[in-house]
Amino acid sequence: MTQSPAADNQPRPRTTPVLSPEHLPSVPQGRAGRVVTWLGLVMCLLLALPPLLIDVWRPDAVDRRELTTVAVSLRSQLFQDRLHARPGSLAEWLAPQLNGRARWDRPPAVHWMQQALLSGMDPENPRLREALLRTRMGSVAWALVAIAAVYWIGRVICGTGSAVMGALVCVSSPMLIIHGRSATPTMMLTGLMLMSVAAGTWAIRPLRPAPSIERQFVGWVLCGLCLGTAVLTAGLIAAPLVVAPLLLILLLCPGRVGHLMGLVAAVLIASLMVLPWAGMVQGVSPENWSRWLWSRERTDDVAVGWGDAGWRVVALFAALLPWTLWLIGALLQPMSTSSSGTRTRLFLGWGWLTVMAVMIAAAGGAAGQWRSRQADLLAPAAAAAGVLIGQLFWRYVELASQGRYPRSWRWLRWPHTVLLGAMSLLPAAWAWLEPGGWTGGWIDAPAAGAIWHWAEIYLTGLSVALLLIVVLAARWAAGQMPGRALVAWATWGVVMMSVLAFPLTRGAWASDPLRDELGRLRPVMVGQEVFWLERAETAVAAGVGGVPARPMVDVGVLFYLGKDVPTIVASELANAWAEHGEFYIIADSDQPLPSPEAAEAVGELTSIGKKVWRYRFGPSAQTQPAATPPESTSPATTAPVTP
C-alpha cells in the first residue's frame with residue numbers, strides 16, 4: 001500500500017535514544033575487536049617511547065629528589081652487601097640507608113625496586129652513570145604502565161576509541177614525559193595508582209552488564225595489591241586518590257553498590273601489605289613511622305596550606321599544557337545538553353579529576369614538602385585528565401557522525417590551534433634571537449662549537465615540521481573531524497618533546513657542576529675519612545646529637561663521593577685527630593676553621609658554597625683539649641641526612 005506524500009513528511013518516531021547510559025561506541029566484536037584493542041594499545045606505547053628514551057642516560061641528576069632517591073638505593077645496596085658478612089635482622093635488610101643510618105621516615109618501595117634494578121653492579125664502586133640509566137629505565141617502564149592503565153580505564157568506561165584518545169593525550173603530556181625520564185618515586189606511584197584504579201574499574205564494569213564473580217575477584221585483588229604498593233611508595237596520600245574515584249563509580253552506577261565489599265576487600269589487602277612495615281618502624285624508630293604515613297604532622301600542614309590553594313589549582317592547569325583548553329571543555333561538557341544520554345559516563349572521569357584537584361589544593365605545608373607533593377600529585381592528575389579528555393573527544397566523534405557539533409568543540413578548536421602554532425615558532429625564535437644561549441647555558445661549549453652552524457637549521461626545521469602538523473590538524477578541525485585532529489595534536493606533542501630532547505639533554509643546565517668538582521678531588525680522598533663541618537649554632541638547631549630537624553649534608557656529596565660523610569662540629573676535631581691522624585673537612589667557604597695551622601686547602605665546591613680542607617696530625621693536635629662529645633654525637637652515630 002502506497003503512502004501519501006503528507007505521510008512522508010511526518011517526523012519519524014525515534015525508537016531508541018541517541019545514546020543510552022548503557023551505550024558503548026560500536027567497535028568490532030569478537031576476535032576482530034580484540035585485535036583492534038591490542039593494536040591500539042601497542043600503537044600508543046610505541047609512540048610514547050621516543051620522548052621517553054631519547055638521551056635518557058645523558059643528563060646528570062640535577063634534580064635533588066632524583067639524586068636523593070638513587071643515592072639511598074645505592075647506599076642500601078652496599079649496606080645489604082656488607083650484611084652478608086654478619087647476621088642481620090629483617091629490619092636491617094629492608095630499611096633504606098643513607099649516610100650510615102636507616103631512613104625509617106620515608107616509604108621504602110621505590111628503593112626496593114631500584115635495588116633490584118641495580119643488582120649485578122659492584123656496590124663498593126658503582127658506575128654512577130650506569131646506575132642512573134638503570135633506575136631511569138625503571139621510571140620509563142612505569143610510565144608505560146601508566147599509559148596502559150589509562151588505556152585500560154578508557155576502554156572499560158567508554159570503549160576502544162576513548163581509550164586510544166585518552167592514551168594519546170597522556171603520551172603527549174610533558175608532565176608524564178618529564179617524570180617518566182627521572183628516577184624519582186613519582187612515576188612508580190603514578191603507575192601503581194592508575195593500575196589500582198584500572199583494576200577496580202574493570203571489576204565494577206560500570207554501566208554495563210554485571211561482571212562475573214571471577215572477574216570481580218581478580219580485579220579487586222589486583223586493585224588491593226597495587227594500592228598497598230602505592231602506599232609503600234608514597235605514604236597514605238595514595239589511598240584517597242584511589243579509593244575516592246572507585247567509590248564515586250560505585251555510587252554513580254546503578255546496581256553496583258553491592259560491589260562496595262570488593263572495595264573494602266581491596267583496602268584490607270592493602271592494609272595487610274602496609275601494616276608489617278608500619279609495625280616494624282614502630283618497633284625500631286617510633287618517632288618516624290607517622291611521618292611517612294602522612295599522619296598528624298602533615299595534616300596540620302594541610303590546614304596551613306589552604307591559604308594559597310587557588311594558586312596550586314592554577315599550577316595544575318598550567319602543568320597540563322598543551323591540553324589545558326580541552327581540560328576546561330571536558331569539565332564543562334557533562335553539564336552540556338549535548339551530553340544527554342552519556343552524562344553519567346562522562347561524570348566518571350569528571351569526578352576522578354575533581355578528586356585530584358581537591359587533593360592538590362589541600363597539599364599545602366612547607367615549601368620543600370609542597371615540591372615533592374606537587375610531583376606526586378600532578379603526574380596522576382595529568383593521567384586522570386587524559387581519561388577525561390579522551391572521553392570528551394570520543395563524544396565529539398560520536399556526535400560528528402550524527403552531524404552534530406557541540407559548542408565546546410566549535411569554540412575551543414581554534415584557540416588551541418593558535419596556541420600550538422605560537423608554540424611551534426618558539427624553537428626557531430630561540431635559535432635566531434638568542435644564539436648566545438648555545439654557549440650561555442643550554443649547550444656546553446664543545447657541543448656548541450660542533451653544531452653552531454647547524455643550530456639554526458635544526459631548530460628552524462623543527463618549527464617548520466610542527467607548523468605543518470598544526471596546519472594538517474587545522475584542516476581536519478575545519479572539516480569537523482575531531483578524532484583526526486586529536487591524533488595530529490598528540491603527534492605534535494610527541495615530536496616537540498622528542499626533538500628537543502637532543503639539545504636540552506646536552507646543555508650545561510643538565511650537567512651538575514658538583515660532579516666535576518668532586519671528581520677532581522675524589523682520587524686524593526680515596527681511603528681517607530671525610531667529615532662535614534657544621535657550624536655550632538646551626539648544629540644545635542639541626543639537632544646534632546638527636547633527631548635532625550633539617551638536612552645537613554648535601555646529598556650530591558654523598559652520591560658522587562660514594563661514601564658516608566658524618567657531620568661534626570669544631571669541638572669534635574680532637575677526637576677525629578686521635579682516631580684518624582689525617583682526614584678531610586668540607587666546610588662553608590666563609591667559615592672560620594679551628595686549628596687553621598693544621599689545615600690545608602685542597603679544593604673548592606663552588607656549586608654548594610663549600611671548601612675542602614685536609615687536616616694532618618701535628619703538634620697542634622697534642623695541645624688541643626680533648627673534647628669528649630656525648631655518645632649520640634660521635635661521628636659514627638651522627639644523625640642522617642633527610643633531604
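FYI, side chains are in, hydrogens and waters are out, and symmetry mates aren't considered; it's all heavy atoms of this structure.
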Backbone N/O of [Y] and side chain of [X]: donor-acceptor pair under 3.5 Å:
X      : Y      : answer
Thr186 : His179 : no
Thr233 : Leu189 : no
Arg134 : Ser119 : yes
Thr135 : Ala131 : yes
Ser172 : Leu168 : yes
Arg205 : Val156 : no
Arg181 : Ile54  : yes
Arg484 : Trp476 : no
Thr505 : Arg58  : no
Gln480 : Ala400 : no

Any donor-acceptor N or O pair under 3.5 Å, side chains [X], [Y]:
X      : Y      : result
Arg65  : Thr184 : no
Ser463 : Ser424 : no
Ser76  : His111 : no
Tyr396 : Ser408 : yes
Trp350 : Gln391 : no

Spacing of [atom1] belonging to [X] relative to [atom2] belonging to [Y], to within rounding of 0.5 Å:
X      : Y      : atom1 : atom2 : result
Trp57  : Leu132 : CH2   : CG    : 13.5 Å
Glu398 : Cys158 : CD    : SG    : 6.5 Å
Leu133 : Arg127 : CG    : CZ    : 11.0 Å
Leu467 : Met423 : CG    : CE    : 12.0 Å
Leu399 : Arg395 : CG    : CZ    : 4.0 Å
Ser173 : Leu321 : OG    : CG    : 9.5 Å

Ring geometry between Trp152 and Trp202 (parallel below 30°, tilted from 30 to 60°, perpendicular above 60°):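 Plane angle between 30° and 60°, so tilted.
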
Trp277 and Trp112 aromatic ring geometry - parallel, tilted or perpendicular at 30°/60° bounds: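 Perpendicular, since the angle between the ring planes exceeds 60°.
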
Kindly give the heavy-atom pair with the smallest separation between [X] and [Y], and that separation in Å.
X      : Y      : result
Pro211 : His259 : CG-CE1, 3.6 Å
Ile153 : Leu194 : CD1-O, 3.9 Å
Leu348 : Ile157 : CD1-CG2, 4.0 Å
Tyr151 : Ala163 : O-CB, 3.2 Å
Met193 : Ala230 : CG-CB, 4.2 Å
Ala330 : Leu392 : N-CD2, 3.7 Å

Take a 6.0 Å sphere around [atom1] of [X] and say whether it holds more than 12 heavy atoms from other residues, nucleotides or ligands.
X      : atom1 : answer
Met261 : CE    : no
Trp38  : CH2   : no
Arg410 : CZ    : yes

Worked check of side-chain contact (heavy atoms from CB on, under 4.5 Å) between Leu486 and Val397: CA-CA 11 Å; Leu486 180 136; Val397 171; over 6 Å; no

Of Val242, Val243, Leu227, the residue whose pairing with Leu263 passes side-chain contact (heavy atoms from CB on, under 4.5 Å):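 Of Val242, Val243, Leu227, side-chain contact (heavy atoms from CB on, under 4.5 Å) with Leu263 is met by Val243 alone.
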
Qualifying residue, where the test is side-chain contact (heavy atoms from CB on, under 4.5 Å) with Cys223 and the options are Val267, Ile204, Leu246: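 Going through Val267, Ile204, Leu246 one by one, the side-chain contact (heavy atoms from CB on, under 4.5 Å) with Cys223 is satisfied by Leu246 alone.
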
Short N-O contact, Asp60 and Arg129, less than 4.0 angstrom: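 Salt bridge present between Asp60 and Arg129.
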
Presence of salt bridge, Arg136 and Glu66, under 4.0 angstrom: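 Yes, Glu66 and Arg136 are salt-bridged.
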
Given side chains that start at C-beta, do those of [X] and [Y] come closer than 4.5 Å, heavy atoms only?
X      : Y      : result
Thr201 : Pro206 : yes
Thr37  : Arg155 : yes
Arg64  : Leu67  : yes
Val355 : Leu248 : no
Met175 : Leu320 : no
Val110 : Leu232 : no

Verdict with reasoning, Phe317 to Leu327, per side-chain contact (heavy atoms from CB on, under 4.5 Å): CA-CA 8 Å; Phe317 283 91; Leu327 175 60; 3.7 Å; yes

Derivation of the side-chain contact (heavy atoms from CB on, under 4.5 Å) call for Leu325 and Trp411: CA-CA 10 Å; Leu325 291 176; Trp411 292 352; over 6 Å; no

side-chain contact (heavy atoms from CB on, under 4.5 Å) between Leu412 and Ile328, worked out: CA-CA 9 Å; Leu412 294 178; Ile328 297 173; 5.7 Å; no

